[in-house]
Amino acid sequence: MRAAPTILHLDMDAFYASVEQASKPSLRGKAVIVGGLGPRGVVATASYEARRFGVHSAMPMGQARRLCPNGAYLIPRFTLYRQVSDIVMAMLRELSPLVEPLSLDEAFVDLEAGGVAFDSDSARATGERLRADIRAATGLSGSVGLAGSKMLAKVASEEAKPAGLLLIEPGTERELLAPMSVRTLPGVGPATGEHLRRAGITTVGELAEAGEDELVRMVGRAHGAGLYRMALGLDDRPVVAERDAKSVSVEDTFDVDLHDRVRIRGEVQRLADRCVQRLRGSGHSGRTIVLKVRRYDFSTLTRSETLRGPTDDPAVVREAAARLLEAVDTTGGVRLLGVGVTGLADYTQEDLFAQSSAAEAEAEAEAEHEHADDGAGGAGGGAEAEAAGGGTGPSEGQERPREPQEAPERRWTAGSDVRHVLYGPGWVQGSGVGRVTVRFERPGSEPGRVRTFRVDDPDLEPSDPLPLVGDLS
C-alpha cells in the first residue's frame with residue numbers, strides 16, 4: 001500500500017457501444033447492444049441506455065432482444081475499437097513507463113513512476129487532465145480511479161462510472177469498502193458470493209469482521225487469506241508494464257450445428273488462417289497448435305499438437321489443425337470451433353517438412369484444377385464442394401460450354417461500414433428479402449438519411465470505418 005493515491009485505473013465507459021454511438025450520430029442517446037447477432041450470440045457491451053432495460057454483457061442475445069426490443073443490435077467492429085484503444089494507451093504511456101493494459105479499454109498506470117503525481121492533489125489533476133485529453137482525442141468518456149493500490153483504484157473507477165473520477169484517500173479504505181457488496185472484491189464471483197451469503201456475509205465490512213481464521217475455514221487457506229487482506233484494503237501488487245501473451249486463438253459459434261465433415265474442415269482451415277493473422281499481428285510465433293470443438297451436447301473437446309519449433313506459417317498451422325480434427329468425432333453436430341496457438345515466441349523455426357508437404361498439396365490441387373472437367377462446381381466460400389453429376393460429356397479436345405453461374409448474394413450485417421458512389425459513407429441498419437437499408441452519416445455529422453438498395457447494387461461497397469475525430473474523408 002502506498003501513502004499517496006498514485007496508482008490510476010482507467011476504464012472506458014461502455015467502450016464498444018460508446019464507439020458505435022460516437023461513429024453513428026443517429027444512435028446517440030439510444031439503446032445500443034454490440035455482440036453476436038445470431039440466435040446463439042452473446043452481448044459484448046451494452047450502452048447505459050440499454051442497461052436500464054436490464055441488458056448486460058455476457059447475456060444471451062435472444063434474452064437481450066426480449067428485454068430491449070427497440071434497441072440497435074450491431075456486430076463488433078474490432079478494427080475500429082483497436083484504433084481507438086491505441087490512441088488511449090498512447091496517452092497513458094505519455095504519463096508513465098509503467099502501464100499495465102488489462103484489455104482494449106482498461107489499464108493501470110503508475111503515476112509516481114512517471115513523475116507526474118506524488119500526492120492527492122497532483123494525482124487528481126493528472127486524472128482530470130487525462131479524461132479531458134481522451135474526450136478531445138476520441139470523443140469518448142472514461143472513468144478514473146485513483147488509490148494507493150491496484151485493487152482500490154479499480155474499485156474507485158467502478159464507483160466513478162460513468163464519466164467520473166474518484167480518489168480514495170489513504171487511511172479511508174476500510175470506511176469506503178465496508179458497506180460495499182462482497183462481489184465488489186476481485187475473485188468473488190457468483191459461487192463464492194452465494195457461499196458467503198449463506199454464512200451471513202454480504203458486505204466487505206462483514207467479511208473483515210469474520211476474521212482470517214473463519215474465512216480460511218470457509219473457503220480454504222489461499223482464498224480465505226486473500227479475501228481477508230482485500231477486505232482490509234491491503235494490496236501490494238505492482239503495476240507491471242508488460243503482460244506477456246500466453247496464447248493466440250480465434251473461435252466461432254455457429255447459428256446452426258454443423259454436420260457436414262467437409263464444411264467443418266473448411267471452417268477449421270478458415271479459423272487457422274485468422275489465427276495466424278492475429279499471431280503475426282502480435283509479432284509472435286507459436287509451437288503448439290490447439291483445436292477446440294464444442295459438440296451438439298455442449299461437451300467440449302480440446303486437442304493439441306506440439307511442433308518441432310515455433311512457426312507463424314499458415315500452411316503449417318492449417319495442416320496441424322486438420323490432423324487434430326481427424327481425431328475428433330463430429331457426427332452428432334458441432335456448435336463451436338476454435339483454433340489457437342500456444343508456446344509463443346518472438347522468432348520462427350519453420351517446419352520445412354510441413355511446408356514441403358503443403359507446397360506439394362497445393363501443386364497437386366492446381367494440377368487437378370487445370371485438368372478438371374468444367375462441369376464440376378463448388379459450394380459457397382470453398383467450405384463445401386460437390387462433384388458434377390454423371391452423364392456423357394464432350395469428347396477429349398472438344399470445348400464444353402460453361403454453365404452460367406449466379407454470383408453469390410452479398411451479405412450486409414447490421415452495423416457494418418459501407419460507402420455508396422453517390423451518397424458517401426454510411427452503415428447498414430438491416431437487410432433481408434434482397435434489400436439492404438443504409439443510414440448515411442459519419443462521426444460528427446447530424447443524424448443522416450436512410451435509403452434502401454438491392455443487395456447487389458454495384459454502387460454500394462463494404463468500407464473501412466472512419467476515425468471518430470480528425471480526417472473523416
| message | Against the six-membered ring of Phe298, is Arg335 placed for a cation-pi contact (under 6.0 Å from the centre, within 45° of the normal)? | response |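 Judged by the rule (NZ or CZ under 6.0 Å from the ring centre, within 45° of its axis), Arg335 counts as positioned above Phe298.
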Straight-line distance of [X] [atom1] to [Y] [atom2], nearest 0.5 Å:
| X | Y | atom1 | atom2 | value |
| --- | --- | --- | --- | --- |
| Arg295 | Leu301 | CZ | CG | 4.5 Å |
| Thr302 | Leu324 | OG1 | CG | 10.5 Å |
| Leu185 | Leu177 | CG | CG | 6.5 Å |
| Met230 | Leu152 | CE | CG | 11.0 Å |
| Ile168 | Glu173 | CD1 | CD | 7.0 Å |
| Ile201 | Ser181 | CD1 | OG | 12.0 Å |

Can you see which heavy atom on [X] is nearest to which on [Y], and at what distance?
| X | Y | value |
| --- | --- | --- |
| Gly71 | Tyr73 | O-CD1, 3.3 Å |
| Pro310 | Ala345 | CG-CB, 4.0 Å |
| Ala113 | Ser96 | CB-OG, 3.9 Å |
| Leu92 | Ala107 | CD1-CB, 3.7 Å |
| Ala117 | Thr6 | O-CG2, 3.6 Å |
| Ile7 | Gly148 | CD1-O, 4.1 Å |

| said: Is the ring pair Tyr81/Tyr16 parallel, tilted or perpendicular, if the boundaries are 30 and 60 degrees? | reply: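 Taking Tyr16 first and then Tyr81, their aromatic rings lie parallel (interplane angle under 30°).
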Would you say [atom1] of [X] has more than 12 non-hydrogen atoms from neighbouring residues, nucleotides or ligands within 6.0 angstrom?
| X | atom1 | answer |
| --- | --- | --- |
| Glu175 | CD | no |
| Phe254 | CZ | yes |
| Arg2 | CZ | yes |
| Arg237 | CZ | yes |

| request: Please test Met61 against Ile33 for side chain to side chain contact (heavy atoms under 4.5 Å, CB included), starting from the C-alpha separation and ending with a verdict. | output: CA-CA 9 Å; Met61 192 62 79; Ile33 301 94; 3.9 Å; yes
Is any side-chain heavy atom of [Y] closer than 4.5 Å to one of [X]?
| X | Y | result |
| --- | --- | --- |
| Leu232 | Arg174 | yes |
| Asp252 | Leu337 | no |
| Ser47 | Ser18 | no |
| Val239 | Val109 | no |
| Thr203 | Pro179 | no |
| Val19 | Thr138 | no |
| Val438 | Tyr423 | no |
| Val43 | Val34 | no |

Tabulate below the donor-acceptor pairs under 3.5 Å that side-chain atoms of residues 155-164 make, not counting sequence neighbours, or state none.
| residue | atom | partner | partner atom | Å |
| --- | --- | --- | --- | --- |
| Ser157 | OG | His9 | ND1 | 2.7 |
| Ser157 | OG | Lys154 | O | 3.0 |
| Lys161 | NZ | Asp11 | O | 3.4 |
| Lys161 | NZ | Met12 | O | 3.4 |
| Lys161 | NZ | Asp13 | OD1 | 2.9 |

Salt bridge flag under 4.0 Å for residues [X] and [Y]:
| X | Y | answer |
| --- | --- | --- |
| Asp235 | Lys150 | no |
| Arg197 | Glu194 | yes |
| Glu267 | Arg263 | yes |
| Arg229 | Glu212 | no |

Without swapping roles, check the side chain of [X] against the backbone of [Y] for a donor-acceptor pair under 3.5 Å.
| X | Y | result |
| --- | --- | --- |
| His420 | Gly426 | no |
| Arg183 | Val188 | yes |
| Glu305 | Ile289 | no |
| Glu251 | Gly338 | no |
| Arg303 | Leu325 | no |
| Arg93 | Val99 | no |

| said: Quick one, Val248 with Ser282, criterion side chain to side chain contact (heavy atoms under 4.5 Å, CB included). Give me CA distance, side-chain angles, the key distance, then yes/no. | reply: CA-CA 9 Å; Val248 172; Ser282 67; 4.2 Å; yes
| said: Please evaluate residues Leu74 and Leu27 with respect to the criterion side chain to side chain contact (heavy atoms under 4.5 Å, CB included), reporting the C-alpha separation (whole Å), side-chain torsions for both, the decisive distance (0.1 Å), and the verdict. | reply: CA-CA 11 Å; Leu74 310 172; Leu27 296 183; 3.8 Å; yes
Pair [X], [Y]: side-chain N/O donor-acceptor within cut-off below 3.5 Å:
| X | Y | result |
| --- | --- | --- |
| Ser26 | Arg439 | yes |
| Thr45 | Ser57 | no |
| Thr331 | Asp329 | yes |

| task | Start with the C-alpha distance between Thr311 and Asp313, add both sets of side-chain angles, then the distance that settles side chain to side chain donor-acceptor pair (under 3.5 Å), and finish with yes or no. | result | CA-CA 6 Å; Thr311 185; Asp313 188 294; 5.4 Å; no
| field | side chain to side chain contact (heavy atoms under 4.5 Å, CB included) evaluation trace for Asp417 with Leu80 | value | CA-CA 11 Å; Asp417 296 279; Leu80 180 57; over 6 Å; no
| Of Asp110, Leu8, Leu111, the residue whose pairing with Val116 passes side chain to side chain contact (heavy atoms under 4.5 Å, CB included) |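 Of the listed residues Asp110, Leu8, Leu111, the side chain to side chain contact (heavy atoms under 4.5 Å, CB included) partner of Val116 is Leu111.
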| task | Report the C-alpha distance between Arg323 and Glu326 in whole Å, list the side-chain angles of each, state the deciding distance to 0.1 Å, and finish with yes or no for salt bridge (Lys or Arg N to Asp or Glu O under 4.0 Å). | result | CA-CA 5 Å; Arg323 286 193 296 270; Glu326 292 305 313; over 6 Å; no
| Quick one: side chain to side chain donor-acceptor pair (under 3.5 Å) partners of Thr342, sequence neighbours excluded? |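 For Thr342 there are no side chain to side chain donor-acceptor pair (under 3.5 Å) partners, ignoring immediate neighbours.
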